[in-house]
Amino acid sequence: MASTNARYVRYLLIAFFTILVFYFVSNSKYEGVDLNKGTFTSPESTKTTPKPPATGDAKDFPLPLTPNDPGFNDLVGIAPGPRMNATFVTLARNSDVWDIARSIRQVEDRFNRRYNYDWVFLNDKPFDNTFKKVTTSLVSGKTHYGEIAPEHWSFPDWIDQDKAKKVREDMAERKIIYGDSVSYRHMCRFESGFFFRQPLMMNYEYYWRVEPSIELYCDIHYDPFRFMVEQGKKYSFVISLYEYPATIATLWESTKKFIKNHPEHIAPDNSMRFLSDDGGETYNNCHFWSNFEIGSLEWLRSKQYLDFFESLDKDGGFFYERWGDAPVHSIAAGLMLNRSEIHFFNDIAYWHVPFTHCPTGEKTRLDLRCHCDPKENFDWKGYSCTSRFFEMNGMDKPEGWENQQD
Ligand SMILES: Nc1nc2c(ncn2[C@@H]2O[C@H](COP(=O)(O)OP(=O)(O)OP(=O)(O)O)[C@@H](O)[C@H]2O)c(=O)[nH]1
Ligand SMILES: [Mg+2]
């Protein structure tokens with residue numbers, strides 16, 4: 001009798017643990033990971049001082065947006081006030097280490113040394129020790145390193161490989177930039193549909209994308225993440241321009257199909273006028289340049305955005321053409337967000353080869369201690385779409401813009 005009871009108890013325990021294991025496996029797909037465990041610490045790390053926690057109620061520390069606001073000139077030491085649930089994010093290869101080191105240094109010097117936000121690095125291969133050591137030594141917040149799952153960096157099974165290969169050969173002949181590259185296509189698809197649901201990213205609500213070899217030319221006096229949260233912004237940009245039409249020949253057809261299938265996802269006060277000059281019939285190729293982005297991860301993880309990505313992905317243009325993540329994000333933001341949710345950061349001065357955003361207006365540049373050449377500012381030149389953005393939103397262009405048109 002006693003041994004029968006013991007057997008029942010054993011069966012019950014086994015059943016209980018099996019259910020427990022099954023529960024965790026089936027619920028873990030896009031869950032966050034424990035960041036404390038994931039943090040890389042170099043054996044030679046010199047970071048010994050723990051950072052003082054940022055404290056304070058938002059209302060006690062209003063954002064210093066202009067030189068007249070308290071705290072604007074206080075650029076030394078840890079910034080007071082609350083922090084948002086946000087992270088920097090970089091997709092990179094090990095060979096990008098010195099180029100991303102330059103970018104991190106800029107971001108830290110101009111902003112993050114006072115805010116200490118985390119930084120997530122993602123790669124389709126394991127990061128090597130040099131990459132981790134160098135980047136961890138430069139970032140003032142915690143660093144995390146994620147390896148991308150193969151299904152987020154490969155051809156989906158519905159893609160016809162021969163057709164995709166022919167496209168690459170044809171684009172190579174036509175000398176379309178990155179037209180023959182498979183990895184560039186995986187990169188664009190990953191940035192369009194997967195970076196925001198990597199396990200590490202599930203821990204955060206806002207992201208700031210940083211690429212290798214960028215420059216930041218002005219001090220950032222307030223927390224742009226907090227600005228986004230407090231102002232109800234979901235997506236932001238510093239540079240906008242026209243896409244190379246040969247890379248996205250059918251992207252707008254796919255978009256129109258999506259609009260037809262999902263009218264419920266289209267925002268009532270959308271930015272169609274930024275994207276199209278004929279009420280949505282054709283795409284004018286305007287997009288926000290996505291190598292810089294501060295945005296809401298929750299929005300990218302929303303049903304609206306995921307439905308859009310999945311619809312595009314099924315159409316195959318990431319491989320049958322060379323759809324970039326910039327037009328994909330921009331069309332999504334333009335159609336599925338209200339205009340008030342998209343922000344142009346005039347005060348974040350930025351360079352990614354070959355374009356510069358240098359704030360218009362000498363006073364702004366001096367207040368922000370900028371070191372960019374205003375002649376390089378791309379905003380009002382013919383190939384930029386930023387004028388359209390201003391016009392669509394009825395915004396006044398900053399003083400002096402007329403002198404920067406060519
Ligand atoms: N892990 C990984 N990262 C990549 C790969 N290709 C590109 N990236 C990263 O993806 C981002 C965009 O790639 P870039 O090569 O900068 O593309 P781009 O900005 O269109 O072109 P550039 O003008 O060359 O900068 C960068 O952060 C790269 O480091 C890849 O094959 N593997
Ligand atoms: Mg780049």
Side-chain angles (χ1 to χ4, degrees), residues 40 87-107 119-132 134-135 138-139 143-155 164 168 171-172 175-196 198-201 207-216 237-248 251 285 287-295 317-319 321-330 350-357 376 378 383:
F40 171 83
T87 184
F88 289 94
V89 60
T90 294
L91 172 69
R93 294 154 287 213
N94 287 311
S95 57
D96 291 318
V97 61
W98 301 113
D99 292 331
I100 194 60
R102 266 177 60 200
S103 302
I104 296 171
R105 188 73 228 189
Q106 306 261 338
V107 171
W119 206 304
V120 171
F121 296 90
L122 301 170
N123 189 352
D124 56 307
K125 310 237 161 51
F127 279 114
D128 64 27
N129 232 31
T130 303
F131 190 100
K132 292 183 191 173
V134 171
T135 51
L138 290 168
V139 174
T143 47
H144 305 284
Y145 301 87
E147 191 177 337
I148 299 161
E151 62 270 26
H152 295 167
W153 196 278
S154 50
F155 291 94
R168 293 197 298 276
M171 285 198 176
K175 304 233 172 344
I176 293 173
I177 184 165
Y178 297 118
D180 59 343
S181 172
V182 173
S183 68
Y184 194 86
R185 287 182 169 79
H186 290 320
M187 182 276 284
C188 291
R189 178 169 177 261
F190 176 80
E191 293 286 21
S192 299
F194 300 107
F195 86 88
F196 46 84
Q198 295 302 295
L200 284 168
M201 297 302 286
Y207 72 103
W208 180 333
R209 174 168 164 185
V210 177
E211 283 207 0
S213 299
I214 58 116
E215 307 258 359
L216 288 186
F237 72 101
V238 287
I239 290 173
S240 70
L241 71 166
Y242 293 96
E243 182 58 300
Y244 196 7
T247 64
I248 50 157
L251 176 58
N285 301 321
H287 64 285
F288 309 120
W289 214 21
S290 63
N291 48 61
F292 169 99
E293 283 178 328
I294 303 176
F318 291 108
F319 299 103
E321 293 175 8
R322 206 219 64 198
W323 292 352
D325 52 283
V328 171
H329 288 185
S330 304
Y350 178 81
W351 177 82
H352 174 293
V353 66
F355 300 119
T356 302
H357 164 65
E376 298 294 321
F378 181 66
Y383 207 62

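Every number for a ligand or one of its atoms is a count from 1 in the order of the listing.
- The backbone N or O of S181 sits nowhere less than 3.5 Å from a side-chain atom of R322 that would complete a donor-acceptor pair.
- No side-chain donor-acceptor contact under 3.5 Å links N291 to the backbone of E211.
- Partners of F196 by ring-ring contact (aromatic ring centres under 6.0 Å, His included), not counting sequence neighbours, listed by chain and number: Y305.
- Of the options W119, Y207, F292, a ring-ring contact (aromatic ring centres under 6.0 Å, His included) to F88 is made by W119 and by none of the others.
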Pick out the protein N or O atoms lying less than 3.5 Å from any N or O of ligand 1, and list each pair with its distance.
from: ligand 1; atom 1: 1 (N); to: A92; atom 2: O; distance (Å): 2.9
from: ligand 1; atom 1: 1 (N); to: N123; atom 2: OD1; distance (Å): 2.9
from: ligand 1; atom 1: 1 (N); to: D124; atom 2: OD1; distance (Å): 2.8
from: ligand 1; atom 1: 6 (N); to: R93; atom 2: NH1; distance (Å): 3.2
from: ligand 1; atom 1: 16 (O); to: E211; atom 2: OE1; distance (Å): 3.0
from: ligand 1; atom 1: 19 (O); to: E211; atom 2: OE1; distance (Å): 3.1
from: ligand 1; atom 1: 19 (O); to: H352; atom 2: NE2; distance (Å): 3.2
from: ligand 1; atom 1: 20 (O); to: Y184; atom 2: OH; distance (Å): 2.5
from: ligand 1; atom 1: 21 (O); to: Y178; atom 2: OH; distance (Å): 3.2
from: ligand 1; atom 1: 24 (O); to: Y178; atom 2: OH; distance (Å): 2.3
from: ligand 1; atom 1: 25 (O); to: H352; atom 2: NE2; distance (Å): 3.2
from: ligand 1; atom 1: 27 (O); to: L91; atom 2: O; distance (Å): 2.6
from: ligand 1; atom 1: 29 (O); to: L91; atom 2: O; distance (Å): 3.1
from: ligand 1; atom 1: 29 (O); to: D96; atom 2: OD2; distance (Å): 2.9
from: ligand 1; atom 1: 32 (N); to: D124; atom 2: OD1; distance (Å): 2.8

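- Each protein N/O/S atom under 2.8 Å from the Mg ion (ligand 2) was counted, for a total of 2.
- Panel note: side chain R185, backbone S154; no donor-acceptor pair is recorded below 3.5 Å.
- With H357 contributing its side chain and F237 its backbone, the two residues share no donor-acceptor pair below 3.5 Å.
- Looking at E215, its side chain never comes within 3.5 Å of a backbone N or O of W351 through a donor-acceptor pair.
- With ring centers used as reference points, H186 lies under 6.0 Å from F319.
- Applying the salt bridge (Lys or Arg N to Asp or Glu O under 4.0 Å) criterion to R168, with sequence neighbours excluded, gives no partner residue.
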